[in-house]
Engineer: 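Attaching a single structure in structure tokens format; questions to follow.
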Amino acid sequence: MRVVASTERRDSGPLRAAGSGDMELVTSRSGGIVVAQACKRVDSTNARAFEQALKGIVTEDDQGMVVDCEDLAYISSAGLRAVLLTAKTLARRQSGFAMCCLGNSIREVFAISGFDKIIAIHPTQDAAVAALAR
């Protein structure tokens, strides 16, 4: 897994990760909210690293985290578990957690598993950031 971190504001333009691998995570911060853009796949081979990366990028100063799934092509049950454990960890820290920009196949996985009922899902990154910034 490749993690590309940036402290740039979202309005500085889109951030893109370069390189190969099954999973890439590009991070930025916007008004106290960490935005993590998940790229490619989250499956049993990288779900643990994905979870650890998500948990590791949130600082005590952050109000919450948004996982942007616009560039995510696939998520397995192991990936769903990583999302749930991250959300629970952040809830214990009293930090918010939301997801956004789920493609049709990812949205279907969340609906079938019932995760769309327990994880806040927003249509856009701006909507997700605004919801957590309250």
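Below, each value reflects all heavy atoms present in this structure, side chains not excepted, and no hydrogens, waters or symmetry copies.
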Engineer: Are side-chain N/O atoms of Asp61 and Thr59 paired as donor and acceptor at under 3.5 Å?
Structural biologist: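 Not at all, the side chains of Asp61 and Thr59 share no donor-acceptor pair under 3.5 Å.
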Engineer: Using 0.5 Å steps for rounding, measure from the OG atom of Ser30 to the CG atom of Leu132.
Structural biologist: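 Between atom OG of Ser30 and atom CG of Leu132 there are 10.5 Å.
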Engineer: Less than 4.5 Å apart, any side-chain heavy atom of Cys69 and any of Met99?
Structural biologist: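 Result yes, sub-4.5 Å side-chain heavy-atom pair found.
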Engineer: Roughly how far apart are Met65 CE and Arg93 CZ, rounded to 0.5 Å?
Structural biologist: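 Going from CE on Met65 over to CZ on Arg93, the span is 8.5 Å.
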Engineer: State, to 0.1 Å, how close Ala120 and Phe97 come at their nearest heavy-atom pair, and which atoms those are.
Structural biologist: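 Nearest heavy atoms, Ala120 then Phe97: CB-O, 4.1 Å.
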Engineer: With heavy-atom distances below 4.5 Å as the criterion, would you say the side chains of Ile106 and Glu70 are in contact?
Structural biologist: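 Of all side-chain heavy-atom pairs linking Glu70 with Ile106, none is under 4.5 Å.
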Engineer: Locate the shortest heavy-atom distance separating Ser76 from Ser44; write the atom from each residue and the value.
Structural biologist: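 Shortest heavy-atom separation between Ser76 and Ser44 comes out as OG-N, 3.6 Å.
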Engineer: Would you call Lys40 and Asp71 a salt bridge, using N to O less than 4.0 angstrom?
Structural biologist: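 Salt bridge flag = no for Asp71 with Lys40.
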Engineer: Going from CD1 on Ile118 to OG on Ser113, what distance comes out if it is rounded to the nearest 0.5 angstrom?
Structural biologist: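 That separation rounds to 7.0 Å.
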Engineer: To check you understand the geometry: which heavy-atom pair defines the closest contact between Ser95 and Gly64, and what is its length?
Structural biologist: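 Taking Ser95 first and Gly64 second, the nearest heavy atoms are CB-CA, 4.1 Å.
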Engineer: Distance from Asp68 atom CG to His122 atom NE2, nearest 0.5 Å?
Structural biologist: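 Interatomic distance, Asp68 CG to His122 NE2, rounded to 0.5 Å: 12.0 Å.
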Engineer: Would you call Val83 and Phe50 a side-chain contact if the rule is heavy atoms closer than 4.5 Å?
Structural biologist: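 Side-chain contact under 4.5 Å: yes.
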Engineer: Taking the side chain as everything from C-beta on, heavy atoms only, tell me whether Leu54 gets closer than 4.5 Å to Leu25.
Structural biologist: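 SC-SC contact between Leu54 and Leu25 confirmed.
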Engineer: Nearest heavy-atom pair of Thr45 and Asp43: which atoms, and what distance?
Structural biologist: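 Closest approach of Thr45 to Asp43, heavy atoms only: OG1-OD1, 2.5 Å.
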Engineer: If you define the side chain from C-beta out and look only at heavy atoms, does anything of Leu80 sit under 4.5 Å from Val109?
Structural biologist: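 Side-chain contact under 4.5 Å: yes.
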Engineer: May I ask you to test the Arg41-Leu72 pair for a side-chain heavy-atom distance under 4.5 Å?
Structural biologist: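 SC-SC contact between Arg41 and Leu72 ruled out.
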Engineer: A side-chain contact here means heavy atoms from C-beta on lying under 4.5 Å apart; do Asp116 and Ile119 qualify?
Structural biologist: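 No, every pair of side-chain atoms sits at 4.5 Å or beyond.
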Engineer: Of all residues at least two apart in sequence or in a different chain, which pass the salt bridge (Lys or Arg N to Asp or Glu O under 4.0 Å) check with Lys55?
Structural biologist: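 Lys55 satisfies salt bridge (Lys or Arg N to Asp or Glu O under 4.0 Å) with Glu51 only.
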Engineer: Before giving the answer on side chain to side chain contact (heavy atoms under 4.5 Å, CB included), spell out for Gln37 and Thr27 the whole-Å C-alpha distance, their side-chain angles and the decisive distance to 0.1 Å.
Structural biologist: CA-CA 6 Å; Gln37 294 176 287; Thr27 65; over 6 Å; no
Engineer: Could you tell me whether the side chain of Val66 reaches within less than 4.5 Å of the side chain of Val34, counting heavy atoms only?
Structural biologist: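 Heavy-atom side-chain distance check fails, nothing below 4.5 Å.
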Engineer: What's the separation between atom CZ in Arg107 and atom CD1 in Ile121, rounded to the nearest 0.5 Å?
Structural biologist: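 Between Arg107 CZ and Ile121 CD1, I get 8.5 Å after rounding to 0.5 Å.
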Engineer: Which heavy atom of Ala47 sits nearest a heavy atom of Gly79, and at what distance?
Structural biologist: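 Smallest heavy-atom distance, with atoms named: CB-N, 3.9 Å.
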Engineer: Once rounded to the nearest 0.5 Å, what's the spacing between atom CG of Leu84 and atom CZ of Phe115?
Structural biologist: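 Rounded to the nearest 0.5 Å, the CG-CZ separation comes out at 4.5 Å.
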